[in-house]
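Have a look at the structure below, then the notes.
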Number of protein chains: 2
Amino acid sequence: MEKIKKILEEKGIKPSIQRIKIFECLMCDGDHPTAKDIYEIIFKEIPTLSKTTIYNTVKLFTDKGILKPVRIREGEVRYDIESDSHPHFRCNKCGKVFDLEKNLLIKEKKEIDGHLIEEKCVCYLGVCRNCRRKREH
Amino acid sequence: MEKIKKILEEKGIKPSIQRIKIFECLMCDGDHPTAKDIYEIIFKEIPTLSKTTIYNTVKLFTDKGILKPVRIREGEVRYDIESDSHPHFRCNKCGKVFDLEKNLLIKEKKEIDGHLIEEKCVCYLGVCRNCRRKREH
DNA sequence: TTCAAAATTGAAATCATTGTAAATAATAAA
DNA sequence: TTTATTATTTACAATGATTTCAATTTTGAA
Ligand SMILES: [Mn+2]
Ligand SMILES: [Mn+2]
Ligand SMILES: [Zn+2]
Ligand SMILES: [Zn+2]
(Lines give C-alpha, C1' and ligand atoms only; values in the text may rest on other atoms or scores of the structure.)
(Ligands and ions follow the chains in the order given, each with its own letter.)
Protein backbone atom coordinates (compact mmCIF):
# COMPACT_ATOMS: atom_id res chain seq x y z
CA MET A 1 0.00 0.00 0.00
CA GLU A 2 2.73 2.45 0.97
CA LYS A 3 4.84 0.89 -1.75
CA ILE A 4 2.20 1.64 -4.34
CA LYS A 5 1.89 5.22 -3.11
CA LYS A 6 5.61 5.67 -3.65
CA ILE A 7 5.57 4.19 -7.14
CA LEU A 8 2.74 6.51 -8.18
CA GLU A 9 4.31 9.59 -6.61
CA GLU A 10 7.60 8.86 -8.31
CA LYS A 11 5.77 9.00 -11.62
CA GLY A 12 4.07 12.26 -10.70
CA ILE A 13 0.68 10.65 -10.13
CA LYS A 14 -1.35 11.71 -7.09
CA PRO A 15 -2.16 8.54 -5.17
CA SER A 16 -5.90 8.79 -4.75
CA ILE A 17 -7.69 5.83 -3.21
CA GLN A 18 -9.10 4.87 -6.61
CA ARG A 19 -5.71 4.97 -8.27
CA ILE A 20 -4.09 2.96 -5.50
CA LYS A 21 -6.81 0.31 -5.66
CA ILE A 22 -6.56 0.10 -9.44
CA PHE A 23 -2.79 -0.27 -9.29
CA GLU A 24 -3.10 -2.88 -6.54
CA CYS A 25 -5.62 -4.75 -8.65
CA LEU A 26 -3.23 -4.76 -11.60
CA MET A 27 -0.39 -6.04 -9.45
CA CYS A 28 -2.30 -8.86 -7.80
CA ASP A 29 -4.35 -10.13 -10.70
CA GLY A 30 -2.07 -12.58 -12.49
CA ASP A 31 -4.31 -12.60 -15.48
CA HIS A 32 -4.08 -9.16 -17.09
CA PRO A 33 -7.52 -7.79 -16.23
CA THR A 34 -9.86 -5.93 -18.56
CA ALA A 35 -11.42 -2.59 -17.58
CA LYS A 36 -14.55 -4.53 -16.64
CA ASP A 37 -12.55 -6.93 -14.47
CA ILE A 38 -10.93 -4.06 -12.62
CA TYR A 39 -14.26 -2.32 -12.15
CA GLU A 40 -15.97 -5.39 -10.75
CA ILE A 41 -13.17 -6.14 -8.31
CA ILE A 42 -12.89 -2.62 -6.90
CA PHE A 43 -16.60 -1.87 -6.97
CA LYS A 44 -17.00 -4.20 -3.99
CA GLU A 45 -14.85 -1.88 -1.90
CA ILE A 46 -15.83 1.44 -3.47
CA PRO A 47 -19.48 1.25 -4.53
CA THR A 48 -19.42 4.85 -5.76
CA LEU A 49 -16.74 3.95 -8.28
CA SER A 50 -17.35 5.01 -11.85
CA LYS A 51 -16.28 3.09 -14.91
CA THR A 52 -15.04 6.37 -16.33
CA THR A 53 -12.49 6.47 -13.53
CA ILE A 54 -11.14 3.10 -14.61
CA TYR A 55 -10.74 4.31 -18.17
CA ASN A 56 -9.27 7.65 -17.07
CA THR A 57 -6.81 5.88 -14.81
CA VAL A 58 -5.57 3.22 -17.18
CA LYS A 59 -5.11 5.99 -19.74
CA LEU A 60 -3.13 8.00 -17.20
CA PHE A 61 -1.02 5.01 -16.18
CA THR A 62 -0.38 4.17 -19.81
CA ASP A 63 0.68 7.72 -20.63
CA LYS A 64 3.02 7.68 -17.62
CA GLY A 65 4.51 4.42 -18.82
CA ILE A 66 3.60 2.18 -15.91
CA LEU A 67 0.96 0.22 -17.75
CA LYS A 68 0.63 -1.40 -21.12
CA PRO A 69 -2.55 -2.33 -22.97
CA VAL A 70 -2.43 -5.88 -24.27
CA ARG A 71 -4.71 -6.72 -27.16
CA ILE A 72 -5.04 -10.39 -27.86
CA ARG A 73 -8.67 -10.97 -28.65
CA GLU A 74 -11.42 -9.00 -30.25
CA GLY A 75 -13.24 -6.72 -27.87
CA GLU A 76 -10.74 -7.43 -25.12
CA VAL A 77 -8.27 -4.80 -24.04
CA ARG A 78 -6.30 -6.11 -21.11
CA TYR A 79 -3.81 -4.23 -18.98
CA ASP A 80 -0.34 -5.33 -18.04
CA ILE A 81 1.66 -3.76 -15.24
CA GLU A 82 4.93 -5.23 -16.44
CA SER A 83 6.80 -2.54 -18.26
CA ASP A 84 9.16 -4.77 -20.24
CA SER A 85 7.68 -6.32 -23.33
CA HIS A 86 7.24 -10.07 -23.04
CA PRO A 87 5.30 -12.82 -24.80
CA HIS A 88 1.90 -13.98 -23.61
CA PHE A 89 -0.05 -17.18 -23.66
CA ARG A 90 -3.83 -17.05 -23.83
CA CYS A 91 -5.97 -20.08 -23.08
CA ASN A 92 -8.71 -20.65 -25.63
CA LYS A 93 -10.77 -22.47 -23.02
CA CYS A 94 -10.69 -20.35 -19.88
CA GLY A 95 -9.42 -17.13 -21.42
CA LYS A 96 -6.64 -16.62 -18.87
CA VAL A 97 -3.56 -14.78 -20.08
CA PHE A 98 -0.19 -15.96 -18.75
CA ASP A 99 3.16 -14.23 -18.90
CA LEU A 100 5.95 -16.07 -20.66
CA GLU A 101 9.69 -15.69 -20.32
CA LYS A 102 11.10 -12.57 -21.87
CA ASN A 103 13.37 -13.25 -24.86
CA LEU A 104 11.71 -16.58 -25.35
CA LEU A 105 11.95 -17.87 -28.89
CA ILE A 106 9.79 -20.88 -29.54
CA LYS A 107 10.63 -22.55 -32.80
CA GLU A 108 8.56 -25.64 -33.27
CA LYS A 109 7.68 -26.41 -29.68
CA LYS A 110 4.19 -27.65 -29.08
CA GLU A 111 4.23 -26.97 -25.38
CA ILE A 112 5.46 -24.38 -22.93
CA ASP A 113 5.12 -24.21 -19.14
CA GLY A 114 2.60 -27.01 -19.50
CA HIS A 115 0.44 -25.03 -21.92
CA LEU A 116 -0.50 -26.60 -25.24
CA ILE A 117 0.34 -24.26 -28.11
CA GLU A 118 -2.14 -24.29 -30.96
CA GLU A 119 -1.46 -20.97 -32.59
CA LYS A 120 1.16 -18.27 -32.60
CA CYS A 121 0.57 -14.62 -33.20
CA VAL A 122 3.43 -12.21 -33.79
CA CYS A 123 3.28 -8.54 -34.62
CA TYR A 124 5.90 -5.88 -34.81
CA LEU A 125 4.98 -2.23 -34.43
CA GLY A 126 6.90 0.79 -35.59
CA VAL A 127 7.31 3.06 -38.60
CA CYS A 128 6.99 1.55 -42.06
CA ARG A 129 9.44 2.23 -44.87
CA ASN A 130 6.99 4.51 -46.65
CA CYS A 131 6.45 6.73 -43.62
CA ARG A 132 10.17 6.78 -42.89
CA ARG A 133 10.83 8.13 -46.37
CA LYS A 134 8.28 10.86 -45.91
CA ARG A 135 10.10 11.89 -42.71
CA GLU A 136 6.81 12.98 -41.20
CA HIS A 137 7.65 12.59 -37.52
CA MET B 1 -12.84 -13.74 -61.38
CA GLU B 2 -13.25 -17.28 -62.63
CA LYS B 3 -10.35 -18.27 -60.38
CA ILE B 4 -12.16 -16.86 -57.35
CA LYS B 5 -15.33 -18.73 -58.29
CA LYS B 6 -13.38 -21.96 -58.36
CA ILE B 7 -11.72 -21.35 -55.00
CA LEU B 8 -15.07 -20.65 -53.36
CA GLU B 9 -16.78 -23.63 -54.97
CA GLU B 10 -13.98 -25.92 -53.89
CA LYS B 11 -14.72 -24.90 -50.31
CA GLY B 12 -18.42 -25.46 -50.73
CA ILE B 13 -19.28 -21.76 -50.87
CA LYS B 14 -21.75 -20.58 -53.49
CA PRO B 15 -20.06 -17.77 -55.40
CA SER B 16 -22.58 -14.94 -55.21
CA ILE B 17 -21.54 -11.58 -56.59
CA GLN B 18 -21.10 -10.20 -53.06
CA ARG B 19 -18.91 -13.09 -51.99
CA ILE B 20 -16.76 -12.86 -55.10
CA LYS B 21 -16.28 -9.12 -54.65
CA ILE B 22 -15.39 -9.53 -50.98
CA PHE B 23 -12.89 -12.26 -51.77
CA GLU B 24 -11.43 -10.16 -54.59
CA CYS B 25 -11.12 -7.23 -52.23
CA LEU B 26 -9.28 -9.38 -49.69
CA MET B 27 -6.89 -10.63 -52.35
CA CYS B 28 -6.04 -7.26 -53.83
CA ASP B 29 -5.84 -5.14 -50.72
CA GLY B 30 -2.28 -5.62 -49.50
CA ASP B 31 -3.14 -4.11 -46.19
CA HIS B 32 -5.49 -6.53 -44.40
CA PRO B 33 -8.74 -4.58 -44.62
CA THR B 34 -11.25 -4.09 -41.83
CA ALA B 35 -14.96 -4.82 -42.35
CA LYS B 36 -15.43 -1.09 -42.85
CA ASP B 37 -12.68 -0.98 -45.48
CA ILE B 38 -14.25 -3.84 -47.40
CA TYR B 39 -17.69 -2.25 -47.18
CA GLU B 40 -16.50 1.11 -48.47
CA ILE B 41 -14.62 -0.41 -51.40
CA ILE B 42 -17.42 -2.66 -52.61
CA PHE B 43 -20.21 -0.20 -51.86
CA LYS B 44 -19.06 1.82 -54.89
CA GLU B 45 -19.90 -1.09 -57.17
CA ILE B 46 -22.88 -2.51 -55.27
CA PRO B 47 -24.76 0.39 -53.65
CA THR B 48 -27.38 -1.96 -52.23
CA LEU B 49 -24.69 -3.77 -50.23
CA SER B 50 -25.37 -4.27 -46.54
CA LYS B 51 -22.75 -4.22 -43.81
CA THR B 52 -24.36 -7.33 -42.42
CA THR B 53 -23.35 -9.14 -45.60
CA ILE B 54 -19.72 -8.23 -44.97
CA TYR B 55 -19.91 -9.65 -41.45
CA ASN B 56 -21.83 -12.72 -42.58
CA THR B 57 -19.32 -13.38 -45.32
CA VAL B 58 -16.11 -12.93 -43.33
CA LYS B 59 -17.66 -15.24 -40.72
CA LEU B 60 -18.44 -17.80 -43.42
CA PHE B 61 -14.98 -17.53 -44.96
CA THR B 62 -13.39 -17.85 -41.53
CA ASP B 63 -15.44 -20.95 -40.70
CA LYS B 64 -14.45 -22.47 -44.04
CA GLY B 65 -10.80 -21.76 -43.28
CA ILE B 66 -10.00 -19.41 -46.14
CA LEU B 67 -9.78 -16.30 -44.00
CA LYS B 68 -8.20 -15.35 -40.70
CA PRO B 69 -9.11 -12.43 -38.46
CA VAL B 70 -6.03 -10.50 -37.40
CA ARG B 71 -6.29 -8.41 -34.24
CA ILE B 72 -3.48 -6.00 -33.72
CA ARG B 73 -5.06 -2.85 -32.39
CA GLU B 74 -8.02 -2.09 -30.23
CA GLY B 75 -11.25 -1.85 -32.16
CA GLU B 76 -9.58 -3.11 -35.30
CA VAL B 77 -10.38 -6.54 -36.62
CA ARG B 78 -8.61 -7.02 -39.89
CA TYR B 79 -8.93 -9.92 -42.30
CA ASP B 80 -6.13 -11.89 -43.86
CA ILE B 81 -6.57 -14.17 -46.83
CA GLU B 82 -3.29 -15.97 -46.24
CA SER B 83 -4.06 -19.22 -44.55
CA ASP B 84 -0.61 -19.91 -43.11
CA SER B 85 0.19 -18.07 -39.92
CA HIS B 86 2.84 -15.42 -40.41
CA PRO B 87 4.15 -12.37 -38.55
CA HIS B 88 2.86 -8.88 -39.27
CA PHE B 89 4.23 -5.39 -39.12
CA ARG B 90 1.91 -2.50 -38.37
CA CYS B 91 2.94 1.09 -38.96
CA ASN B 92 2.14 3.40 -36.06
CA LYS B 93 1.96 6.35 -38.43
CA CYS B 94 -0.12 5.26 -41.40
CA GLY B 95 -1.71 2.16 -39.87
CA LYS B 96 -0.83 -0.12 -42.78
CA VAL B 97 -0.28 -3.78 -41.94
CA PHE B 98 2.45 -5.61 -43.86
CA ASP B 99 3.10 -9.32 -44.13
CA LEU B 100 6.48 -10.57 -42.96
CA GLU B 101 8.36 -13.71 -43.84
CA LYS B 102 6.97 -16.85 -42.32
CA ASN B 103 9.31 -18.47 -39.81
CA LEU B 104 11.00 -15.15 -39.27
CA LEU B 105 12.75 -14.87 -35.93
CA ILE B 106 13.93 -11.40 -35.13
CA LYS B 107 16.25 -11.33 -32.20
CA GLU B 108 17.49 -7.85 -31.58
CA LYS B 109 17.04 -6.39 -35.05
CA LYS B 110 15.87 -2.83 -35.18
CA GLU B 111 14.80 -2.95 -38.78
CA ILE B 112 13.13 -5.29 -41.21
CA ASP B 113 12.21 -4.82 -44.88
CA GLY B 114 12.99 -1.15 -44.31
CA HIS B 115 10.47 -0.84 -41.46
CA LEU B 116 11.66 0.59 -38.15
CA ILE B 117 10.76 -1.75 -35.30
CA GLU B 118 9.73 0.01 -32.10
CA GLU B 119 7.75 -2.70 -30.39
CA LYS B 120 7.21 -6.41 -30.61
CA CYS B 121 4.06 -8.23 -29.65
CA VAL B 122 3.98 -12.01 -29.33
CA CYS B 123 1.13 -14.18 -28.21
CA TYR B 124 0.64 -17.91 -28.21
CA LEU B 125 -2.84 -19.37 -28.15
CA GLY B 126 -3.89 -22.80 -27.03
CA VAL B 127 -4.98 -24.71 -23.94
CA CYS B 128 -3.44 -23.77 -20.60
CA ARG B 129 -2.06 -26.32 -18.13
CA ASN B 130 -5.06 -25.89 -15.84
CA CYS B 131 -7.60 -26.58 -18.54
CA ARG B 132 -5.54 -29.51 -19.80
CA ARG B 133 -5.65 -31.11 -16.36
CA LYS B 134 -9.40 -30.75 -16.21
CA ARG B 135 -9.63 -32.58 -19.55
CA GLU B 136 -12.72 -30.56 -20.46
CA HIS B 137 -12.57 -30.75 -24.23
C1' DT C 1 -11.72 29.07 6.23
C1' DT C 2 -11.85 30.04 1.28
C1' DC C 3 -11.10 29.17 -3.28
C1' DA C 4 -9.24 27.28 -7.52
C1' DA C 5 -7.51 23.21 -9.55
C1' DA C 6 -7.65 18.31 -9.83
C1' DA C 7 -10.16 14.13 -9.59
C1' DT C 8 -14.33 11.59 -9.76
C1' DT C 9 -18.81 10.69 -11.26
C1' DG C 10 -23.07 9.56 -14.10
C1' DA C 11 -25.43 10.18 -18.21
C1' DA C 12 -25.44 10.51 -22.99
C1' DA C 13 -22.98 9.68 -27.35
C1' DT C 14 -20.25 6.80 -30.33
C1' DC C 15 -19.04 2.97 -32.91
C1' DA C 16 -18.04 -1.83 -34.28
C1' DT C 17 -20.34 -5.92 -34.14
C1' DT C 18 -24.34 -9.10 -33.57
C1' DG C 19 -29.22 -10.66 -33.72
C1' DT C 20 -33.42 -10.95 -36.05
C1' DA C 21 -36.89 -11.10 -39.18
C1' DA C 22 -38.49 -9.54 -43.62
C1' DA C 23 -37.33 -9.23 -48.55
C1' DT C 24 -35.13 -10.93 -52.45
C1' DA C 25 -32.86 -14.23 -55.39
C1' DA C 26 -31.71 -18.85 -56.74
C1' DT C 27 -33.04 -23.56 -57.25
C1' DA C 28 -35.90 -27.53 -57.57
C1' DA C 29 -40.34 -29.72 -58.18
C1' DA C 30 -44.69 -29.96 -60.47
C1' DT D 1 -43.87 -21.98 -67.11
C1' DT D 2 -45.69 -21.78 -62.41
C1' DT D 3 -45.10 -22.81 -57.73
C1' DA D 4 -42.77 -24.17 -53.66
C1' DT D 5 -38.50 -24.51 -51.07
C1' DT D 6 -34.21 -22.91 -49.70
C1' DA D 7 -30.31 -19.81 -49.56
C1' DT D 8 -28.76 -15.18 -49.46
C1' DT D 9 -29.07 -10.49 -48.71
C1' DT D 10 -30.88 -6.69 -46.50
C1' DA D 11 -32.55 -3.13 -43.02
C1' DC D 12 -33.02 -2.11 -38.56
C1' DA D 13 -32.77 -2.82 -33.66
C1' DA D 14 -29.89 -4.38 -29.79
C1' DT D 15 -25.56 -4.96 -27.50
C1' DG D 16 -21.46 -3.72 -25.20
C1' DA D 17 -17.00 -1.47 -24.73
C1' DT D 18 -15.20 2.92 -24.81
C1' DT D 19 -15.39 8.09 -25.08
C1' DT D 20 -17.20 12.64 -24.27
C1' DC D 21 -18.82 15.97 -21.38
C1' DA D 22 -20.73 18.64 -17.86
C1' DA D 23 -21.71 18.52 -13.00
C1' DT D 24 -20.15 17.35 -8.44
C1' DT D 25 -16.80 16.23 -5.01
C1' DT D 26 -12.23 16.25 -3.11
C1' DT D 27 -7.81 18.20 -2.34
C1' DG D 28 -4.40 21.38 -1.02
C1' DA D 29 -2.46 25.92 -0.99
C1' DA D 30 -3.18 30.68 0.52
MN1 LIG E 1 2.12 -9.75 -19.22
MN1 LIG F 1 -1.01 -11.25 -43.33
ZN1 LIG G 1 -7.32 -22.51 -19.44
ZN1 LIG H 1 3.51 3.92 -42.47
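We name chains A, B, ... by the order of the sequence lines, and we start the count at 1 in each one.
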Derivation of the side chain to side chain contact (heavy atoms under 4.5 Å, CB included) call for B:Thr62 and B:Lys68
CA-CA 6 Å; B:Thr62 304; B:Lys68 219 185 128 190; over 6 Å; no
Would B:Lys120 and A:Tyr124 count as a cation-pi pair here, with the cationic atom under 6.0 angstrom from the ring centre and within 45° of the axis?
no
For the helix from C:dT1-D:dA30 to C:dA30-D:dT1, what angle lies between the axis at the first five pairs and the axis at the last five pairs, to 10 degrees?
0°
Can you tell me how far C1' of C:dC15 sits from CG of B:Asp37, to the nearest Å?
15 Å
Do nucleotides 4-14 of chain C as a string where each nucleotide becomes B, S or -: B if the base has a protein heavy atom under 4.0 Å, S if just the sugar-phosphate does, - if no protein is that close.
--SSBBBB---
Between atom CZ in B:Arg78 and atom P in C:dT17, what is the gap in whole Å?
11 Å
Using a cut-off of strictly less than 4.0 Å, decide whether B:Tyr55 has a side-chain nitrogen or oxygen near OP1 or OP2 of C:dT17.
yes
Without swapping roles, check the side chain of A:Arg19 against the backbone of A:Lys14 for a donor-acceptor pair under 3.5 Å.
yes
How many whole angstroms separate atom CD1 of B:Ile54 from atom C1' of C:dT18?
15 Å
side-chain contact (heavy atoms from CB on, under 4.5 Å) with B:Arg129: which of A:Asp113, A:Ile112, A:Leu116?
A:Asp113
So, the side chain of B:Thr53 versus the backbone of B:Leu49: is there a donor-acceptor pair under 3.5 Å, distance only?
no
Verify whether one side chain among A:Asp37 and A:Thr34 offers a donor that lies under 3.5 Å from an acceptor in the other.
yes
The test is side chain to side chain contact (heavy atoms under 4.5 Å, CB included); show your working for B:Cys128 and A:Phe98 and say whether it passes.
CA-CA 9 Å; B:Cys128 78; A:Phe98 300 81; 3.4 Å; yes
What is the distance from NZ of B:Lys59 to P of D:dT9, rounded to the nearest Å?
15 Å
What's the CD1-C1' distance between B:Ile42 and D:dT8, to the nearest Å?
15 Å
Evaluate the ring planes of B:His86 and B:His32, with Trp represented by its six-membered ring, and classify them as parallel (under 30°), tilted (30 to 60°) or perpendicular (over 60°).
tilted
